[in-house]
Structures are given as C-alpha cells and as structure tokens.
Amino acid sequence: MPSKEQGEISIVHAKYKWVIDNFCTGCLKPGECLVSPTFATYYGAKKNDWYVKLYPKGTTDTIKSWISVFLCSSTTTDFKATATFKILNSQNEEFVSHTTDEDIFIEEMSRGFQQFVTIQHIMDRNLGLLTDGRVTIVCELVVNANKENDIVSVMEKMIVMGKCLRLQNELKNLKDTVEDKDKTSSLRFKELEELEQLIGETNYSDVELCVEGKTIRAHKCILALKSPVFAAMFQTEMKEKCENKVQIQDIEYSVFTEMLRYVYSCQVTDIKTMAVELLAAADRYSIDGLKAACERTICSSLSVDNAAKSLQLAERYRLDELRRMAIHFIVRNSKKIVDKPDFQLIGLDTTREILRAVVKYTRVR
C-alpha cells in the first residue's frame, strides 16, 4: 500500500474497484444491502480492514429511488479517514463522485451517502452506468495517520462512542415506530389532498389570482409560505395587498394551476409534459422545491434533440446538476448534436468547455 511520509505526518492512499455482477435494483427491498469483499490498509504494523455496503433501493422507503453507499470498518481505527465514492460508466469515466468528511471510524461504524445516485440514472442506457448487468463502484480511501491522531484523546473517543450509542438508540426507536410512521405518512398524504381541495374554494380565501382572464380564489398564508415573491407582495404596501387581487402575467393558465397545486400539496399531476414551463414559473416565484423537481425531471429526459436546449435552461436558471449532466450527455453524443440549431445558441465559454471535454473524452477512448 503506497504511503507518503513528511515529518510527523503520514497519509495513506488506497483505491479499490468493486465490480458488481448481475446488478438488480428490484431484487432487494429498501434497507437490504450488498456487501463488498473486505480490503485492507496498512500503516506500519497496523492493519485496518474495510468493506463497502451498497443499498440498491436506499436504506429506507423514503429514499427508495436512490442508491445508498457506505464505507465500513471491521476494526476500530486510531486515526481519521475520508472516503471518496465514484461510479464509473462503460468508458471507465467518473459519473458521480462524493467525498465524506474526515472522521474517526469505530468498529462497524459507517460513513457514506444516503443519496449517492438515483436508480433512474443507473437504468438510463445513454449514461452507460449499467453494462452487461455490471455496475462499477470505486472507493478511494485517504487515511490520515499522523502521530496526533495515532493516540486519540480519551475524550474524543468517548464523544465518538457516544455518537455511536445515540445512533444505535435512534435506529432501535426507528424500527420500533415503523408502523406508526407509515400511518403518519398516510395521514400526511390525506392532509395534502385536503389542502389541494382548497384551491378555488371561496370560503376563507382572501386573494384572487387572475390568469388569462380566469380567476382563482386562494389563501395568502399558503402562497406566502411557499413563495418569497408572494410573501413580499402581501407584506408591503403593494397593489396586490391593498386590492387582494394579483394579475398573473406571461404564464399559461394550465401551467399556473399546476404550480398552484404544488404550492398547496407538493404534487404535480404530470410534471413531464410541462417541466420546462413549470421551471420558468417556479424560478419566477422562487419556489425552490418545484424548481428542483423540474430539474430532476429534465435530467432524466435528456436526449439528442433536447440536450443543448437543456444546457441553456441550466445556465439560465442556475441549475448545476442539469448543467453537468447536459454537458456530459453532449460530449458523449457530440456528432449527433453539434449541428442542432439549439447547439449554435450555447455561449462561447460553455462551448469551449464542451470542446475541451470532447478532446479529453476522445483521448480516453
């Protein structure tokens, strides 16, 4: 194992590739995991054993659309470490890379990410993350084995062990209340449906929203809670506050009603058919949750025909994840996209960035 020593500090670097054959997201339930073979790091006479846990459908039902990944230690370490998890595509290129905070590892304690990559990304053939039934995970481990960490203070260990005990108790309490949480979730969903029914209800409504000649009765408190823009209208001496009427400009009635549905119930009937229009509306009224939902939808629908347009949207609305994925998609499909009219509208700086990525991609291939 390579090590680098300088004065009182020694940094141990280790890189492990885990190729998972016959990968199947539907074969396991949320909370069920795959475990990698054990691997080791060495510092002097010290050996530490490690392994990776991967949850194909997340650790809980609430994140079952995500893949979770964690690094675990089979032994208690006396030093701190960080782990970088990556997933590679069929060209051995990094698609996702996340690094944990530096921390001490206690035996059977894990560090990682509940939301590492979505199942939708894994199953997207254009991304090439699932090839011949195989998924490749890379774990890069950096162990900081300096002398100060070599003899960790008793107080620090007690704090860490205290965290472990608290986590264990929390997990136990969570398992004991799963049924209650399911009931709570069901009730919460029912409450959201009831809130949605308030849209257009005349009783107790206190503001009119006028869209394309149509009027929708609504409630200032709900609008202000989800949208800082609406909140500003109702808090200051603006026309909207005085007249209790808001004129909605440049948004189609169908788009606005779906945005309103999200404001009341955090749901959209069919986001795929109007993700771009809803994104513009969500940005205009600063509804961050809807904006993020639109970004995820557009990311999952990238194609040769819309990638350049999606990149323009990412830059216009400051969507970092969409920008990264759109550039990645364009690089991999550059021959089919560069002659598209929308590609010609991409800014010069971004075009240069794409060209550099294409050159790098071509060299790798």
Side-chain angles (χ1 to χ4, degrees), residues 14-39 49-74 81-101 105 108-141 167-168 170-172 174-175 177-179 181-182 185 271-272 292-293 295-302 321-322 324-325 328-329 332:
K15 183 176 181 179
Y16 299 92
K17 181 186 288 187
W18 182 20
V19 179
I20 307 173
D21 292 316
N22 302 317
F23 185 82
C24 174
T25 58
C27 298
L28 296 178
K29 299 176 182 178
E32 296 179 342
C33 68
L34 305 174
V35 180
S36 76
T38 301
F39 53 91
D49 293 318
W50 310 84
Y51 59 94
V52 175
K53 283 185 176 181
L54 185 141
Y55 296 77
K57 296 195 75 172
T59 55
T60 64
D61 281 326
T62 57
I63 55 169
K64 62 184 178 182
S65 62
W66 288 82
I67 289 176
S68 305
V69 63
F70 300 92
L71 175 67
C72 307
S73 175
S74 300
T82 62
T84 299
F85 292 101
K86 303 176 181 179
I87 186 167
L88 305 183
N89 62 18
S90 56
Q91 303 296 325
N92 279 326
E93 299 169 325
E94 297 174 9
F95 176 73
V96 172
S97 178
H98 295 307
T99 302
T100 65
D101 294 331
F105 279 77
E108 300 305 327
M109 195 173 190
S110 63
R111 297 282 185 273
F113 301 95
Q114 296 271 14
Q115 297 177 330
F116 177 57
V117 64
T118 66
I119 294 174
Q120 202 166 36
H121 287 149
I122 293 290
M123 305 307 294
D124 189 338
R125 294 183 179 179
N126 292 321
L127 298 179
L129 303 180
L130 181 62
T131 307
D132 297 327
R134 291 194 301 272
V135 168
T136 302
I137 303 293
V138 171
C139 178
E140 293 184 1
L141 184 61
L167 285 171
Q168 289 174 352
E170 288 175 7
L171 286 173
K172 183 178 183 301
L174 182 62
K175 289 178 181 178
T177 58
V178 165
E179 291 185 2
K181 283 186 174 291
D182 286 343
S185 297
I271 194 170
K272 290 184 179 180
E295 180 182 18
R296 290 192 297 269
T297 300
I298 297 171
C299 281
S300 66
S301 305
L302 287 173
E321 181 65 9
L322 177 57
R324 185 186 66 78
M325 289 192 63
H328 180 81
F329 187 91
R332 293 199 61 193

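These figures come from a predicted structure and were not determined experimentally. Keep in mind that the numbers below use all heavy atoms, side chains included, and drop hydrogens, waters and symmetry copies.
- In terms of modelled atom types and a separation under 3.5 Å, the side chain of Thr297 and the main chain of Lys272 share no donor-acceptor contact.
- Here CG of Leu129 is found 5.0 Å from CD1 of Ile122. Values are rounded to the nearest 0.5 Å.
- Across all non-hydrogen atoms, the minimal contact from Lys86 to Thr84 is CE-CG2, 3.8 Å.
- The CZ atom of Arg125 sits 13.0 Å away from atom OG of Ser90, with the distance rounded to the nearest 0.5 Å.
- Residues Leu141 and Leu71 are in side-chain contact: their nearest non-hydrogen atoms beyond the backbone lie under 4.5 Å apart.
- In terms of heavy atoms, Tyr16 sits closest to Phe39 at CE1-CD1, 3.1 Å.
- More than 12 heavy atoms of other residues, nucleotides or ligands lie within 6.0 Å of CG in Asp21, so this atom counts as buried by the packing criterion.
- Pairing each heavy atom of Lys64 with each of Ile119, the nearest pair is O-CD1, 3.2 Å.
- Of the possible polar contacts, one joining the Arg324 side chain to the Phe95 backbone as a donor-acceptor pair under 3.5 Å is found.
- Of the possible polar contacts, none joining the Ser301 side chain to the Ile298 backbone as a donor-acceptor pair under 3.5 Å is found.
- The distance from atom CH2 of Trp18 to atom CZ of Arg134, rounded to the nearest 0.5 Å, is 15.0 Å.
- Only one option out of Leu28, Val52, Val69, Val135 pairs with Leu34 in a side-chain contact (heavy atoms from CB on, under 4.5 Å); it is Leu28.
- Panel note: side chain Arg332, backbone Leu127; a donor-acceptor pair is recorded below 3.5 Å.
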Derivation and outcome, side chain to side chain contact (heavy atoms under 4.5 Å, CB included), residues Arg296 and Gln120:
CA-CA 10 Å; Arg296 290 192 297 269; Gln120 202 166 36; over 6 Å; no

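- The distance from the SG atom of Cys72 to the CG atom of Asp49 is 12.5 Å, given to the nearest 0.5 Å.
- The shortest non-hydrogen separation linking Phe85 to Arg111 is CE1-O, 3.9 Å.
- Counting all heavy atoms, side chain and backbone alike, Pro56 lies closest to Glu32 at CD-O, 3.6 Å.
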Does the pair Ile63 and Tyr55 meet the rule for a side chain to side chain contact (heavy atoms under 4.5 Å, CB included), with working shown?
CA-CA 10 Å; Ile63 55 169; Tyr55 296 77; over 6 Å; no

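- Heavy-atom minimum distance, Ser68 versus Gln114: OG-O, 2.5 Å.
- Under the 3.5 Å distance criterion, the side-chain polar atoms of Asn89 are matched with a main-chain donor or acceptor of Gln91.
- Using a distance-only test at 3.5 Å, with no hydrogens or angles considered, no donor-acceptor pair links the side chain of Glu321 to the main chain of Glu295.
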Is there a side chain to side chain contact (heavy atoms under 4.5 Å, CB included) between Lys17 and Leu88? Walk through the geometry before answering.
CA-CA 10 Å; Lys17 181 186 288 187; Leu88 305 183; 4.2 Å; yes

Determine whether Thr131 and Thr136 satisfy the following criterion, side chain to side chain contact (heavy atoms under 4.5 Å, CB included), listing intermediate values before the conclusion.
CA-CA 9 Å; Thr131 307; Thr136 302; over 6 Å; no

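- To the nearest 0.5 Å, atom CG of residue Leu54 and atom CD1 of residue Ile137 are 5.5 Å apart.
- Note that CD1 of Ile67 and OG1 of Thr118 are 8.0 Å apart. Values are rounded to the nearest 0.5 Å.
- With a 4.5 Å cut-off on side-chain heavy atoms, Leu322 and Cys299 count as touching.
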